[in-house]
2 protein chains.
Amino acid sequence: MSSMMSENVTAPRMKAADRRELILEAATAVFGASSYVGTTTDDVARAAGVSQPYVVRLFGTKAKLYIAVIERAYERVISAFRAVLPGLDEERVARMGAAYAGLLEERGMLPVIANSTALGGDPEIGPVAREGFNSIWRFVRDEAGFTEEDTRNFMANGMLINAIVGLRLVGAYGTDDSVTEVLDSCLPNAAAKLRDLMPAAGEAW
Amino acid sequence: MSSMMSENVTAPRMKAADRRELILEAATAVFGASSYVGTTTDDVARAAGVSQPYVVRLFGTKAKLYIAVIERAYERVISAFRAVLPGLDEERVARMGAAYAGLLEERGMLPVIANSTALGGDPEIGPVAREGFNSIWRFVRDEAGFTEEDTRNFMANGMLINAIVGLRLVGAYGTDDSVTEVLDSCLPNAAAKLRDLMPAAGEAW
DNA sequence: GTCTATATGCGGATAGAC
DNA sequence: GTCTATCCGCATATAGAC
């Protein structure tokens with residue numbers, strides 16, 4: 001009668017690289033739900049099904065873990081954009097916008113990016129967030145070939161979406177219909193997607 | 001030889017309301033520089049020249065202090081917009097944009113707003129940040145009389161500026177000229193203003 | 001590779017004097 | 001109205017077993 005009922009005393013052995021990726025995914029969801037400050041390494045650990053010291057062991061510090069999370073998130077955005085580039089035509093603004101909206105379905109991805117844009121003042125995180133933002137900017141302008149003005153408008157719309165996501169202005173929290181109207185005019189269907197994906201207050205994503 | 005050199009052992013007596021305002025101003029600068037998480041109540045206290053327990057005493061908790069700060073900031077944005085409304089004409093988009101940019105000169109005002117848009121997930125702060133954002137949205141649309149589309153574009157540009165401010169993409173941190181180009185195309189002169197106002201890494205504002 | 005146990009430090013908050 | 005002293009909790013990080 002020793003360990004019968006205790007589930008998950010020890011997570012199944014796994015290659016460190018795989019475990020890393022698993023933790024990064026969980027961490028993205030948790031950081032996305034509660035922001036950098038509001039999340040503890042223990043929250044991340046429990047979401048990933050491992051012990052708190054182990055996530056610290058793997059990533060060194062909480063800040064380094066978060067940095068790994070946002071680097072991965074920014075890369076993901078670019079890969080999503082890149083995927084819709086082939087055969088780029090007149091619709092590339094709409095298609096890339098849709099690609100961004102599609103990321104709403106990947107837990108925490110957009111919230112994490114939104115949050116990272118407010119952390120430029122942090123000496124460790126700031127440089128990484130800036131580089132991520134810049135990399136998207138450059139991609140849109142140089143690889144997708146947007147004009148200067150289209151690039152600005154595209155990024156501005158993205159930041160508006162980030163703010164709406166960061167504020168939890170839709171979903172269980174939404175009170176003002178005008179906001180979802182706006183969202184709809186930014187990216188058709190994004191509002192509906194957000195509504196579905198948003199957890200109730202206090203819930204995890 | 002007792003208290004000769006000790007400066008400010010006790011802050012000069014003052015009406016609580018005035019002290020409150022003084023602390024709010026200092027707190028705006030400090031929260032703006034280091035974000036909500038990165039700031040301690042002691043940081044605020046020292047910036048305001050009072051003791052740490054006293055700021056807690058006046059505001060109850062750190063979260064309540066921050067809430068007071070962002071409420072004040074959102075009100076300030078609206079008052080700045082309202083000030084340029086009389087005799088509103090064709091230029092109202094440009095004039096309100098300039099009014100927003102003018103707030104760059106008030107320490108921490110824009111950074112605080114930028115940061116608050118990432119804290120929607122916080123059960124205490126979230127509702128206040130949402131209400132602040134909504135109030136600006138409504139003002140632009142209903143009182144300034146912007147069209148639905150102009151409102152969205154205006155807010156989107158504002159969020160882009162917030163992101164640039166939040167990321168510290170200009171000033172001592174700026175590395176990519178393309179970003180200041182963009183800022184200039186959003187709001188003429190804003191980039192130069194930002195450059196002047198941004199502190200070096202790690203410095204207080 | 002992963003855990004348990006624990007040290008450590010920091011920051012928010014309280015008590016109470018002046 | 002404002003401070004000093006201090007408590008206390010919590011979360012990060014370490015040590016070391018398995």
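Residue numbers start from 1 in every chain, and the chains themselves are labelled A, B, ... in the order their sequence lines are given, proteins ahead of strands. All values below come from the heavy atoms of this structure, side chains included, with hydrogens, waters and symmetry mates left out.
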> Do side-chain atoms of N157(A) reach the backbone of F154(A) as a donor and acceptor pair under 3.5 angstrom?
Replying inline: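 Absent.
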>> Between R92(A) and G145(A) (side chain of the first, backbone of the second, donor and acceptor by atom type, cut-off under 3.5 Å), is there such a pair?
In response: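 At least one qualifying donor-acceptor pair exists.
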>> Using the side-chain hydrogen bond (donor to acceptor under 3.5 Å, both in side chains) criterion, which residues pair with E25(A)? Sequence neighbours excluded.
In response: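 Scan of E25(A) (side-chain hydrogen bond (donor to acceptor under 3.5 Å, both in side chains), adjacent residues dropped) gives none.
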Rounded distance in Å - [atom1] ([X]) to [atom2] ([N]):
| X | N | atom1 | atom2 | value |
| --- | --- | --- | --- | --- |
| F59(A) | dA13(D) | CZ | P | 13 Å |
| L65(B) | dG11(C) | CG | P | 16 Å |
| Y54(A) | dT14(D) | OH | P | 16 Å |
| R20(B) | dG1(D) | CZ | P | 12 Å |
| E21(B) | dG1(D) | CD | P | 16 Å |
| L22(A) | dT2(C) | CG | C1' | 14 Å |

> Between Y74(A) and S116(A), do the side chains contain an N or O donor and an N or O acceptor separated by less than 3.5 Å?
Replying inline: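 Distance-only check passes for Y74(A) and S116(A).
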>> Any donor-acceptor pair under 3.5 Å linking the side-chain atoms of R82(A) with those of S79(A)?
In response: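 S79(A) vs R82(A): no donor-acceptor pair found between side chains.
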> In the 5'-to-3' direction, what one-character label does each nucleotide of nucleotides 12-18 of chain C receive under the scheme B = base within less than 4.0 Å of a protein heavy atom, S = sugar-phosphate only, - = no such atom?
Replying inline: BBB-B--
> Taking all atoms of both residues into account, what is the closest heavy-atom pair of S35(A) and N115(A), and its distance?
Replying inline: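 Taking S35(A) first and N115(A) second, the nearest heavy atoms are CB-ND2, 3.7 Å.
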> The side chain of S51(A) lies closest to which of these nucleotides: dT2(D), dC3(C), dT2(C)?
Replying inline: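 Of the candidates, dC3(C) comes closest.
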